[in-house]
J.: 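There's a structure below that I have some questions on.
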Amino acid sequence: MTAELRDSSREILHHYVILLQRQSSGFVYSSTHGFNQNEVREKLQAFTGGSIDLLKQDSGIAVLTINNPSRMNAFSGSMMVELEERVSQLESWTDGKGLIVCGAAGTFCSGSDLNAVKAICNPQDGMKMCMFMQDALTRLLRLPLVSVALVEGRALGGGAELTTACDFRLMASDSVIQFVHKHMGLVPGWGGAARLVHIVGSQNALKLLGGALKVDNQFGLQIGLADGVLEASQIKQGAESLIQQAENWLSCYTKGPAPVIHALKKVVLSGRELLLLDALRTEKDVFGTVWGGPANLQALASKTY
Ligand SMILES: CCCC(=O)SCCNC(=O)CCNC(=O)[C@H](O)C(C)(C)COP(=O)(O)OP(=O)(O)OC[C@H]1O[C@@H](n2cnc3c(N)ncnc32)[C@H](O)[C@@H]1OP(=O)(O)O
């Protein structure tokens with residue numbers, strides 16, 4: 001083999017290994033798709049404002065807050081970058097079990113910041129932003145935590161897409177989820193359409209996207225977009241109480257040891273994302289990690305027959 005051939009085989013192998021690493025860690029795009037995450041990150045950083053705040057609690061439930069109240073919690077470029085960083089932090093949180101995603105100051109999120117959108121409205125930049133956000137939101141949904149979007153006020157455009165990157169959605173009584181993309185001459189680009197079809201079925205997804213319908217909590221429950229409603233009387237107690245309600249709702253799913261919850265999330269994810277044979281093999285592998293493990297042995301020891 002010539003040195004040139006050897007170098008090019010090494011390069012192909014290197015790309016293949018990176019591709020595999022990215023797939024197993026949840027990344028959707030890589031350099032093979034013309035995607036350079038660092039380059040996009042640098043570009044997005046130029047559009048500043050707001051923050052994405054992460055609070056990891058001893059209970060094993062974290063709270064991720066979309067924080068840009070003067071723009072109804074719209075996503076600036078730097079917030080997109082921060083979102084990706086927070087997802088990385090949550091990926092390595094071994095004690096974590098649950099996640100609440102919410103907005104600051106009484107509303108959820110009004111999508112991407114229209115000022116940034118105007119500045120990067122050429123197709124190339126739009127595609128790069130879209131790949132970056134698809135990666136971040138796919139990894140958010142694939143976290144080994146049970147996640148819930150706590151929707152208060154409005155979740156519009158990309159904000160509506162963000163709700164679909166959580167396992168569940170809880171809607172406050174006056175809240176609205178609306179995929180307003182059509183009014184903006186757009187379709188969802190942060191993976192929201194693909195996820196919405198999984199959640200509500202293709203007929204309902206077409207209605208919500210095609211009609212840019214406003215989904216209140218009753219409509220949300222009816223079509224399966226909302227998993228629960230938070231009552232108005234309780235909401236009057238303030239934002240902290242809303243988060244408390246979401247924590248109480250989530251606690252049913254986060255009770256128990258973290259490794260078992262991580263394993264449960266993994267088998268459900270593989271059932272949703274993989275072909276049946278691959279999902280069955282993944283389930284077998286995950287089963288092997290908990291069978292005879294500490295939680296299993298403790299449960300067996302506590303049972304009397
Ligand atoms: C792939 C992603 C696609 C997308 O996400 S495209 C973006 C989709 N989102 C939208 O079209 C929402 C645009 N905003 C609105 O419709 C309204 O502002 C909204 C959220 C219904 C609130 O209405 P109001 O209660 O009347 O309040 P308002 O309009 O005076 O807004 C308060 C301040 O917030 C600002 N704001 C709201 N949404 C924004 C956004 N997405 N980007 C940038 N700024 C935004 C708005 O400009 C206003 O600012 P200011 O007080 O005039 O300085």
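Nothing here was measured: the structure is a model prediction, and the numbers come from that model. Read the numbers this way: they start at 1 and go in the same order the structure lists the ligands and their atoms.
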J.: Using side-chain heavy atoms (C-beta onward) and a distance below 4.5 Å, is I261 in contact with V146?
T.: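 Sidechains of V146 and I261: in contact.
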J.: Return a yes/no value: protein heavy atom under 4.0 Å from atom 46 (C) of ligand 1?
T.: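 Looking at atom 46 (C) of ligand 1, one finds that no protein heavy atom lies closer than 4.0 Å.
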J.: Give the residue and atom name of whichever protein heavy atom lies nearest to atom 24 (P) of ligand 1, and the separation in Å to one decimal.
T.: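 Residue, atom and distance for the closest contact: R154 NH1, 4.4 Å.
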J.: Kindly work out whether a path of hydrophobic side-chain contacts (I/L/V/M/F/W/Y, heavy atoms less than 4.5 Å apart) joins F47 to V40.
T.: yes
J.: For ligand 1 and S112, I'd like to know whether there is a polar contact (N/O to N/O, distance under 3.5 Å).
T.: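 It does: an N or O of S112 is found under 3.5 Å from an N or O of ligand 1.
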J.: Considering all protein heavy atoms, does one lie under 4.0 Å from atom 51 (O) of ligand 1?
T.: no
J.: Looking at every heavy atom in both V148 and L250, which two are closest together, and how far apart are they?
T.: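 Closest approach of V148 to L250, heavy atoms only: CG1-CD2, 4.0 Å.
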J.: Please tell me if atom 1 (C) of ligand 1 is touched by the protein, where touching means a protein heavy-atom distance below 4.0 Å.
T.: yes
J.: Establish whether atom 18 (O) of ligand 1 and some protein heavy atom are separated by less than 4.0 angstrom.
T.: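 When distances to the protein are checked, atom 18 (O) of ligand 1 has no heavy atom within 4.0 Å.
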J.: Under 4.0 Å from atom 6 (S) of ligand 1, can you find at least one protein heavy atom?
T.: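 True for atom 6 (S) of ligand 1.
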J.: For the pair R142 and E273, find out whether any cationic side-chain nitrogen is under 4.0 Å from an anionic carboxylate oxygen.
T.: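 Judged by the 4.0 Å cut-off on N to carboxylate O distance, R142 and E273 do form a salt bridge.
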J.: Backbone, side chain, both or neither: what part of V180 comes under 4.0 angstrom of ligand 1, heavy atoms only?
T.: side chain
J.: When you group the ILVMFWY residues by side-chain heavy-atom contacts below 4.5 Å and let the links chain together, are I52 and V101 in the same group?
T.: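 Same hydrophobic cluster.
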J.: Suppose we measure from atom 39 (C) of ligand 1 to each protein heavy atom; which comes out shortest, and what is that distance?
T.: S110 OG, 3.5 Å
J.: Are F132 and W190 near enough that their ring centres are under 6.0 Å apart?
T.: no
J.: For atom 15 (C) of ligand 1, what is the nearest protein heavy atom, given as residue, atom name and distance?
T.: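 Going by distance alone, atom 15 (C) of ligand 1 is nearest to L156 CD1, 4.5 Å.
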J.: Could you tell me, atom by atom, which parts of ligand 1 come under 4.0 Å of a heavy atom of A74?
T.: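 Every atom of ligand 1 under 4.0 Å from some heavy atom of A74: 40 (C), 41 (N), 42 (N).
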J.: So for ligand 1, is L114 a polar contact partner (N or O within less than 3.5 Å, distance only)?
T.: yes
J.: Got an N/O contact under 3.5 Å between W190 and ligand 1?
T.: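 W190 vs ligand 1: no N/O contact under 3.5 Å.
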J.: Tell me which protein heavy atom sits closest to atom 37 (C) of ligand 1, plus the residue, atom name and distance to 0.1 Å.
T.: M72 CG, 3.5 Å
J.: Where do S147 and C166 come nearest, in terms of heavy atoms and distance?
T.: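 Where S147 meets C166 most closely, the heavy atoms are OG-CA, 3.3 Å.
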J.: Contact between Q178 and L213 at the side-chain level, heavy atoms closer than 4.5 Å - yes or no?
T.: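 Answer no - side chains too far apart.
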J.: At less than 4.0 angstrom from any non-hydrogen atom of M184, what atoms of ligand 1 do you find?
T.: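 This gives 11 (O) as the contact atoms.
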J.: Answer yes if a protein heavy atom lies under 4.0 Å from atom 28 (P) of ligand 1, otherwise answer no.
T.: no
J.: Which of the atoms in ligand 1, numbered in the order shown and given with their element, are less than 4.0 Å from a heavy-atom of E161?
T.: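 The list of qualifying atoms is 1 (C).
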J.: Could you tell me whether M129 and ligand 1 have an N or O pair separated by under 3.5 Å?
T.: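 Not met; the criterion fails.
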J.: Any chance you could measure L137, atom CG, to E161, atom CD, to the nearest 0.5 Å?
T.: 7.5 Å
J.: Tell me whether E84 is salt-bridged to R41, with the criterion being a basic N under 4.0 Å from an acidic carboxylate O.
T.: yes
J.: Need the ligand 1 atom indices (1-based, order shown) with element for anything under 4.0 Å from a heavy-atom of G111.
T.: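 Answer for ligand 1: 5 (O).
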J.: Please evaluate residues R139 and S88 with respect to the criterion side-chain hydrogen bond (donor to acceptor under 3.5 Å, both in side chains), reporting the C-alpha separation (whole Å), side-chain torsions for both, the decisive distance (0.1 Å), and the verdict.
T.: CA-CA 8 Å; R139 287 168 56 207; S88 292; 2.9 Å; yes
J.: For atom 48 (C) of ligand 1, grab the closest protein heavy atom and report residue, atom and distance to one decimal in Å.
T.: S70 O, 4.3 Å
J.: Does the protein come close to atom 34 (O) of ligand 1 - that is, does one of its heavy atoms sit below 4.0 Å from that atom?
T.: yes
J.: Which one of N73, L162, V176 satisfies the side-chain contact (heavy atoms from CB on, under 4.5 Å) criterion with F108?
T.: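 Of all the options given, the one that passes is L162.
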J.: Give a yes or no on whether atom 11 (O) of ligand 1 lies under 4.0 Å from any heavy atom of the protein.
T.: yes
J.: In terms of side-chain geometry, is the basic nitrogen of D53 or R86 positioned less than 4.0 Å from the acidic oxygen of its partner?
T.: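 Answer for the salt bridge query: no.
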